[in-house]
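Taking it in order: structure first as structure tokens, then the write-up.
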There are 2 protein chains.
Amino acid sequence: MTIDGQSPTAAGPRETPTSATQTAYHALRRMILIGELAPGEKLKIDTLRKRLETGASPVREALSLLTSDQLVERLDQRGFRTPEISSANFTEILRLRCSLEDMALRDSIARSDQAWEEHLVLAHHRMTREPRDNIEMFENRHKEFHMALLANCTSPILLRFCNQLYDLNIRYRYLAGHALGYQKRDITAEHTAIMEAAIERNADLASDRLTRHYQQTGSFLAGLLDEQTG
Amino acid sequence: MTIDGQSPTAAGPRETPTSATQTAYHALRRMILIGELAPGEKLKIDTLRKRLETGASPVREALSLLTSDQLVERLDQRGFRTPEISSANFTEILRLRCSLEDMALRDSIARSDQAWEEHLVLAHHRMTREPRDNIEMFENRHKEFHMALLANCTSPILLRFCNQLYDLNIRYRYLAGHALGYQKRDITAEHTAIMEAAIERNADLASDRLTRHYQQTGSFLAGLLDEQTG
DNA sequence: AGCTTCTAAAAAACCGATATTTTCACCCCA
DNA sequence: TGGGGTGAAAATATCGGTTTTTTAGAAGCT
């Protein structure tokens, strides 16, 4: 929600929260992503105000800001709510992510430099080191790794879109909860393979691996979704 | 800013404005797009409040909402401002538009039906009929035509992105003002050709024509930009 | 019963005033 | 003469309460 030089993206890490609006923004964002505020839930100002121990103004403003990220929907004169989830929406996000991240990754690799490469390796290391039983921390590392892949892309707007789509997707991942661990795949190996292709500057291979990675996780999640909803 | 069934896009036409926030939102949006609020301009709450004859709260909220569309930037504790323009930013928008609208147009054509086709013809007719001396009205029709091309795309998020990019681009068009009319091209013919290819369900041809159309307008505008900025 | 109309409670939207932060011109001093 | 502190003015952020709108349920009509 704030502009700063490093992070032109919508949903990336921002500077340390100071204002009440900032605090509310981050808290609400987190609650929505991890599903503490359920999909389709009505977001009553007064309830949230008490829960976050702050005034109505910061809450309203934080909610308005969250519409930027499509994590909150605004209904004129009827307040706010979290977006509904659906199989169709999930598939849409998945497809778009594959297309846009493909673009971003190719650009990122084309402009790659040593600093980018080192940052990528670091992000990968941190992700693998993070114990998977702390889902929230692991998901943060996981996002950092995927964003590190794209980080050198020259289009801030595209990066912002990717970031946004990533977060929209995250809600579905949290919904699946520990079930994500039950996949019969070696996720770590997939991540490593993507990184290696990127470091070798092999854009075709990296993009192919990344896309497959998303689609496999995607079909696993879609399966769970269909189980749950019908 | 409001969710309604017809228009899932960020920047499309909404229902009739009723609340003070809605009114302020639309007014500010227009002022930014047509350049009445200059690029990089600081947006002081109190000034705008008086100008729009409304309270500070609706103004603040409208500005927060406009960050959704990337038409306003928020600086924590230091208020709001309109985004700066630049040659790099313009090029970035142009490239992304070509990529994303290509995707959307192909999808739209693939799912095309009679209603879509008729709506497209109508939009085209309205655009050609609109006198070009009223830039603002013409630009509205122009946008409607281009969005009509994409309207059948099944991805609301992608449409939202396209809509957003279109509006980001519009600021540059208004900046050029009447100069856009001085191009040595038959814009009307280009539009018609795009429409015809779309109606014939020739996605490759339509997309190619659309992309060229954007790039030609783009290089004309880029030329003007470079003239102005040095 | 099914459908509208009315009404009270709940919630959202809004305003005006206050508290907090930033800005900037000014001054001091090395 | 320029760097760094200082304080008043300006602007933002926030609060608490008021107005307006929506909602849901009860009553009345066909």
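In what follows, every chain begins at residue 1, and chains take the letters A, B, ... in the order their sequences are listed.
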Using the heavy-atom set of chain B and a strict 4.0 Å cut-off, write down the first and last nucleotide of DNA chain D that makes it in, 5' to 3'.
D/dA11 to D/dT14
If the condition is ring pair (Phe, Tyr, Trp, His ring centres under 6.0 Å), which residues does B/H124 pass it with, not counting sequence neighbours?
B/F145
Can you list every ring pair (Phe, Tyr, Trp, His ring centres under 6.0 Å) pair that touches residues 31-80 of chain A, not counting sequence neighbours?
none
Tell me, please, which residues at least two apart from B/F90 pass ring pair (Phe, Tyr, Trp, His ring centres under 6.0 Å).
B/Y172
Under a 4.0 Å heavy-atom cutoff, the residues of residues 39-53 of chain B touching DNA chain D are B/K42, B/L43, B/K44, B/I45
Only pairs under 3.5 Å count here: list side-chain donor-acceptor contacts from residues 37-46 of chain A, not counting sequence neighbours, and write none if there are none.
{"unit_1": "A/E41", "atom_1": "OE1", "unit_2": "A/A38", "atom_2": "N", "d": "2.7"}
{"unit_1": "A/K42", "atom_1": "NZ", "unit_2": "A/R78", "atom_2": "O", "d": "3.3"}
{"unit_1": "A/D46", "atom_1": "OD1", "unit_2": "A/R49", "atom_2": "NE", "d": "3.2"}
{"unit_1": "A/D46", "atom_1": "OD2", "unit_2": "A/K50", "atom_2": "NZ", "d": "3.0"}

Letter by letter from the 5' end, nucleotides 19-25 of chain C scores (B base, S sugar-phosphate only, - none; protein heavy atoms under 4.0 Å) --SSS--
Please list, chain by chain and in numerical order, all residues satisfying side-chain contact (heavy atoms from CB on, under 4.5 Å) with A/A20, sequence neighbours excluded.
A/T54, A/P58
With sequence neighbours excluded, what pairs up with B/D133 under the side-chain contact (heavy atoms from CB on, under 4.5 Å) test?
B/P131
Report yes if a side-chain nitrogen or oxygen of B/T21 is closer than 4.0 Å to either non-bridging phosphate oxygen (OP1 or OP2) of C/dC14; otherwise report no.
yes
Begin with the C-alpha distance, continue with both residues' side-chain angles, and end with the deciding distance and a verdict on side chain to side chain contact (heavy atoms under 4.5 Å, CB included) for A/L175 and A/L221.
CA-CA 9 Å; A/L175 220 63; A/L221 280 176; over 6 Å; no
Got a sec, which residues hit side-chain contact (heavy atoms from CB on, under 4.5 Å) with B/R95, two or more places apart in sequence or on another chain?
B/T91
Sequence neighbours excluded, the answer for ring pair (Phe, Tyr, Trp, His ring centres under 6.0 Å) partners of B/Y166 is none
Residues forming a side-chain contact (heavy atoms from CB on, under 4.5 Å) with B/N140, sequence neighbours excluded:
B/M137
